[in-house]
Amino acid sequence: MSNLKQDIAEKIAQTILTVYPDAQGLPEDLSGLLEVPPDPKMGDYAFPCFKLSRVLRKGPPVIAQSLAEAFEAPDLARAECAGGYLNFFLNRGNFAKNTLDAVLSAGDGWGAGEEGAGKTICLDYSSINIAKRFHIGHLSTTVLGNSLRKIFDFLGYKTVSINHLGDWGTQFGKMIAAYKRWGDKETVEKGGVDEMTRLYVRFNEEAAENPALEEEGRAWFKKIEDGDEEALAIFHWFKDVTLKDAMRVYDILGVKFDSYAGESFYADKTAAVVQELSDKGLLKDSDGAKVVDLEEYGMPPCLILKSDGATLYHTRDLAAALYRMNTYHFDQCLYVVAYQQDLHFRQLFKVLELMGYDWAKTKMKHVAFGMVSYEGQALSTRKGVMIYLDELLTKAQEKALAIINEKSPNLENREEVARQVGVGAVVYSTLQNGRIKDIDFRWDSALNFDGETGPYVQYTCARCGSVLRKSPDLSGVTPDYAALDNDEAQQLLLLLSRFPETVRDAADKYEPSFINRAVTDLAKAYNKFYYEHRVLEESDPAGTAARLALTKAVRNVIRTGLSLLGIEAPERM
Ligand code: ARG
């Protein structure tokens, strides 16, 4: 991995000690202070001297001036002083060679690391609800979680991705009651999740008139809980039907899980949790229900048991947290869930802490994301404000196919490329903005292929591939890196050299959008380079070899970045 920043920081530290041998209390690592100047004309890196001013008891401009004069590292960079800043201009030839050597020798692993070795991260994402059709309200969690898993894998962590299915609760009793009264096997097999929803809606409508139905629903749920054969068979069948639909979506997206242990998995593990809470003196009666009082912490009580003894979402999440710790011994457990559930997770973590599990304070993390609306309206199945994922992905693939048919009618694997590009558009636009931003879903932006989009980045990557395919064999030629001594190439090299840092930032902040930015910047910079410079120049094999090396490095890194987002990069499109 290139340690350009580190190298410069070390040189600065040395220079400070030469100029100010008595200096004390300097920051340990100066690399954190290095900035990227807003305008490339001001250099490739800038070092503000304001923090040093206190330690050295001199004005920042004086310090900057004296350091600029003494800074000696011609192979690395030259320094200029500008006010209180030290601006660094990299030695372009060396920088190009070092960067390209490093990137190309990493293959598709530029930016990968081992810092996660020996550490386990559980990621709870997607976590769809049984008997509900997979809709855009679960798109963010699915693609965010998938991307985070890939990022952590890339950094050497062992990841456990968990689909914490919403498959427990009285609604399943109601659904069975409705099915027994009005449903039949064939219609459910054919209608799938939609038919289950219809049954459930009808149940609620009729129960409003006829309260005895509620009793029937409860009785069926009790049967599920007690392991009644018929009840379980119907329940599992509902689950299979839902999962079969969801799997189609996961397959198109390329999303995978290590575990589908959902809420029902913990049904037989909640009693022990309730016992433990009670043994630890944490349970309180509240109108017949059992709760953990959290008033002291400014939160409403955490409901553990209803007055009829039924467990709740929290109870099962407590059991799940303990199970995951005991099973995976995680170093982090991430919950990629909308911020509407912020209180739920704060309560959950607090209760675990009160139970004496200190790790809840440091190892559990709610990775929250913004709300999804559709053209300004809150999602609602009932009001028809809803977009289903299968529908969205189908449209995206159709659009991609239409464009491919028009622009590249001779492409061989058109259907496959259309899938990659359609998914690329949807995934990219979902991850593009910081995760906490609300998303107002709009068809035109989800299916946009121009400007800062997945397809644009994919297209640039394929363009690099086509340049490489057209190149003559220059394996015996030593690249002339002076050919890269121009602003466009240097900008690309800088972006390449910063990519490993971006991956780490994305991991630290759980922010795949940083990687969207990185691949988009690379794509734009490459297109600029491509328009201003001829890559293949017959009369100049050594320069061509350098430009090809740059092209290959860009292709590899874009491909890596896209794959960390969960987007494939077609060879040709
Ligand atoms: N199924 C829930 C929902 O759709 C999300 C579950 C998140 N994970 C968890 N362990 N609570 O809202």
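Read the numbers this way: they start at 1 and go in the same order the structure lists the ligands and their atoms.
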In terms of side-chain heavy atoms, does [X] have a donor or acceptor partner in [Y] at a distance below 3.5 Å?
| X | Y | result |
| --- | --- | --- |
| Y179 | W220 | no |
| W359 | Q332 | no |
| S264 | D167 | yes |

Report each N/O pair between ligand 1 and the protein that falls under 3.5 Å, naming both atoms.
from, atom 1, to, atom 2, distance (Å)
ligand 1, 1 (N), S127, O, 2.9
ligand 1, 1 (N), N129, OD1, 2.8
ligand 1, 4 (O), N129, ND2, 3.1
ligand 1, 4 (O), H138, NE2, 2.9
ligand 1, 8 (N), D124, OD1, 3.2
ligand 1, 8 (N), D124, OD2, 3.3
ligand 1, 10 (N), D124, OD2, 2.8
ligand 1, 10 (N), D317, OD1, 2.8
ligand 1, 11 (N), Y313, OH, 2.8
ligand 1, 11 (N), D317, OD2, 2.7
ligand 1, 12 (O), Q341, NE2, 2.8

task = Indicate, with yes or no, if the rings of W168 and Y313 have centres closer together than 6.0 Å.
result =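 No, they do not, as the ring centres are separated by 6.0 Å or more.
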cation_pi(K132, F134) dist<6.0 Å, angle<=45 =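 No, cation not above the ring by the 6.0 Å, 45° rule.
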task = Determine, for F349 and K361, whether the Lys NZ or Arg CZ falls below 6.0 Å from the six-membered ring centre while staying within 45 degrees of the axis.
result =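 Because its charged atom misses either the 6.0 Å distance or the 45° angle limit, K361 does not stack over F349.
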